[in-house]
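Structure record follows, encoded as structure tokens.
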Amino acid sequence: MAINAKNIRYWYLMLTGQSVYHVHQNKGAFFDKNELKGYYNDMREKVKKAPEFVSSNEMPSILTKENKKFLFPVGIFQYGFGLLDLYYETQENAYLAKFLKCAEWALQNQLSNGAWDNFSFYYPNNPYGAMAQGQGASLLLRAYRINNDEHYLDASRKAIDFMLKDKDQGGCTSYENGMVVLLEYPHRKAVLNGWIFALWGLYDYCLVTHDSYYQSLLNKTCYSLNKMINLFVKSYWSVYDLEGRLASPFYHNLHIAQLQAMYELIGDKLFHEIAIKWKRQQNNPLCKGYAFLVKSIQKVIE
């Protein structure tokens with residue numbers, strides 16, 4: 001990424017948690033591990049920072065480096081999660097109506113192979129990813145729970161099936177060394193937040209269908225995350241991906257919230273312990289300052 005005023009501003013907003021694309025996310029406020037309800041991370045701020053989409057037919061989009069609008073599936077899915085949680089919070093039907101429009105968008109824009117084009121604006125040869133597949137499935141399954149339309153359930157299965165295909169066969173999952181790793185970017189190494197978001201899509205599908213085949217894969221990827229989570233742990237901060245990128249303050253906070261939710265969902269104490277450690281580091285000015293410095297240097301080098 002080139003060093004210019006636009007990118008410096010983008011990095012600054014992201015690193016300081018002020019970017020509209022990186023809004024503060026704590027653990028979800030309306031989820032239930034035994035019933036499909038709210039989402040596991042709190043996305044309501046995404047809606048509050050872009051309320052104009054609630055009453056319109058437009059969907060949130062991003063600007064590419066060529067200044068062209070791109071309907072970014074993950075952005076739309078996350079906006080949908082925020083809408084649904086706001087509906088649970090306020091009981092305002094406008095939020096529910098827009099949520100269902102987001103789900104319909106997901107249905108209409110899913111490719112025949114079950115995938116969504118999430119990254120062609122940045123990685124033309126690698127447009128798919130596990131995070132988009134998992135979050136798309138989570139969105140569709142919540143729509144299915146609301147209106148019982150089997151089209152949403154079928155589409156969620158297609159999304160999960162594509163996600164679980166081996167990355168060497170065009171899918172989004174690595175099955176190396178006995179591990180099942182869900183890859184946000186299948187041509188790169190694992191990204192922690194993307195893995196967990198993808199995992200939640202599989203969790204939701206199992207919660208709705210009780211299918212033993214998918215449950216076995218869910219168990220395997222949870223086991224893999226447990227065995228590999230310490231690769232994302234430094235003595236002072238969390239790691240964004242296994243290519244060595246440090247987490248920005250936004251992603252560090254997201255990691256904490258995700259592990260808190262994971263502990264509630266599956267009861268793995270290791271996730272709880274690491275979340276506590278990362279929270280303590282987040283509140284330590286020395287850890288936070290050093291992490292910010294390291295991350296800033298990494299951004300300049302990139």
Side-chain angles (χ1 to χ4, degrees), residues 28 31-36 39-41 74 77 113-116 118 126 128-141 153-233 238-243 254-255 257-275:
F31 75 84
D32 184 327
K33 71 175 184 178
N34 299 312
E35 180 184 357
L36 205 60
Y39 196 62
Y40 309 110
N41 269 75
V74 160
F77 302 156
N113 62 3
W116 286 280
N118 198 58
N126 297 280
Y128 313 126
M131 179 173 166
Q133 297 303 120
Q135 292 203 314
S138 290
L139 186 81
L140 291 166
L141 287 163
L153 181 60
D154 293 342
S156 70
R157 178 187 54 76
K158 289 174 63 179
I160 294 297
D161 284 345
F162 183 88
M163 179 179 79
L164 292 173
K165 284 178 61 178
D166 193 297
K167 66 181 179 65
D168 295 330
Q169 299 174 6
C172 307
T173 301
S174 169
Y175 293 94
E176 297 174 359
N177 302 316
M179 299 287 106
V180 177
V181 182
L182 309 177
L183 298 169
E184 181 176 351
Y185 307 101
H187 62 297
R188 299 176 64 170
K189 295 183 180 180
V191 175
L192 179 57
N193 82 91
W195 184 353
I196 296 174
F197 280 134
L199 185 157
W200 286 342
L202 183 55
Y203 179 93
D204 290 340
Y205 189 77
C206 293
L207 190 61
V208 171
T209 66
H210 307 287
D211 188 297
S212 59
Y213 167 73
Y214 295 97
Q215 184 65 51
S216 69
L217 287 168
L218 174 63
N219 293 342
K220 288 176 182 177
T221 197
C222 287
Y223 170 83
S224 301
L225 184 60
N226 171 282
K227 294 302 177 184
M228 295 175 64
I229 188 67
N230 279 311
L231 297 175
F232 296 94
V233 177
S238 66
V239 174
Y240 174 78
D241 63 19
L242 295 186
E243 294 179 12
L254 176 59
H255 291 162
Q258 286 185 312
L259 290 193
Q260 288 171 334
M262 282 294 294
Y263 174 62
E264 288 196 25
L265 292 175
I266 67 173
D268 190 321
K269 291 183 178 179
L270 178 60
F271 298 148
H272 178 59
E273 292 166 359
I274 293 175

Can you list the steps and then say if Met163 with Tyr128 is a side-chain contact (heavy atoms from CB on, under 4.5 Å)?
CA-CA 9 Å; Met163 179 179 79; Tyr128 313 126; over 6 Å; no

Check against side-chain contact (heavy atoms from CB on, under 4.5 Å), Asn126 and Arg188:
CA-CA 10 Å; Asn126 297 280; Arg188 299 176 64 170; over 6 Å; no

Is there a side-chain contact (heavy atoms from CB on, under 4.5 Å) between Asp241 and Glu184? Walk through the geometry before answering.
CA-CA 10 Å; Asp241 63 19; Glu184 181 176 351; over 6 Å; no

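When side chains are defined from C-beta on, Leu265 counts as touching Phe31, because their heavy atoms get closer than 4.5 Å. The shortest side-chain heavy-atom distance between Val239 and Leu192 does not fall under the 4.5 Å cut-off. Contact check for Leu259 versus Tyr263: no side-chain heavy atoms found under the 4.5 Å cut-off. Looking at heavy atoms from C-beta onward, Phe232 lies out of side-chain contact with Ser238 at the 4.5 angstrom threshold. Using a 4.5 Å cut-off on side-chain heavy atoms (C-beta onward), Asn41 and Gln258 make contact. The side-chain heavy atoms of Leu141 and Leu153, taken from C-beta on, include a pair separated by under 4.5 Å. Residues Gln133 and Ile160 fail the side-chain proximity criterion, which asks for heavy atoms closer than 4.5 Å. Side-chain contact check for Arg157 versus Asp211: every heavy-atom pair is 4.5 Å or farther apart.
Counting all heavy atoms, side chain and backbone alike, Lys189 lies closest to Glu243 at N-OE2, 3.2 Å. Here the shortest heavy-atom pairing between Lys165 and Tyr175 reads C-CE1, 4.3 Å. Between Leu217 and Leu164, the shortest heavy-atom contact is CD1-CD1, 3.7 Å. Residue Gln260 comes nearest to Ala275 through the heavy atom pair CG-CB, 4.1 Å, listed as atom of the first residue, atom of the second, then distance. The two residues Ser138 and Gly201 come nearest to each other via the heavy atoms OG-CA, 3.3 Å. When every heavy atom of Pro186 is checked against every heavy atom of Cys172, the shortest pair comes out as CG-CA, 3.9 Å.
Remark: Leu270 engages Asn226, Ile229, Asp268, Glu273, Ile274 in a side chain to side chain contact (heavy atoms under 4.5 Å, CB included) (not counting sequence neighbours). Judged as a side chain to side chain contact (heavy atoms under 4.5 Å, CB included), and not counting sequence neighbours, the contacts of Lys158 are Gln110. Tyr185 is linked by a ring pair (Phe, Tyr, Trp, His ring centres under 6.0 Å) to Phe119, Tyr123, counting only residues two or more places apart in sequence or in another chain.
Under 3.5 Å, the side chains of Tyr40 and Asp204 contain a donor-acceptor pair of N or O atoms.
Below 30°, between 30° and 60°, or above 60°: for Tyr39 and Phe197 the angle between ring planes is below 30°, a parallel geometry. Ring geometry for Trp116 versus Phe77: interplanar angle over 60°, hence perpendicular rather than tilted (30 to 60°).
Test Thr221, Val191, Leu225 against Leu182 for side chain to side chain contact (heavy atoms under 4.5 Å, CB included) and you get one pass: Thr221.
To the nearest 0.5 Å, atoms SG (Cys222) and CD (Gln215) are separated by 8.5 Å.
Residue Asn230 places its CG atom among more than 12 non-hydrogen atoms of other residues, nucleotides or ligands, all under 6.0 Å distant.
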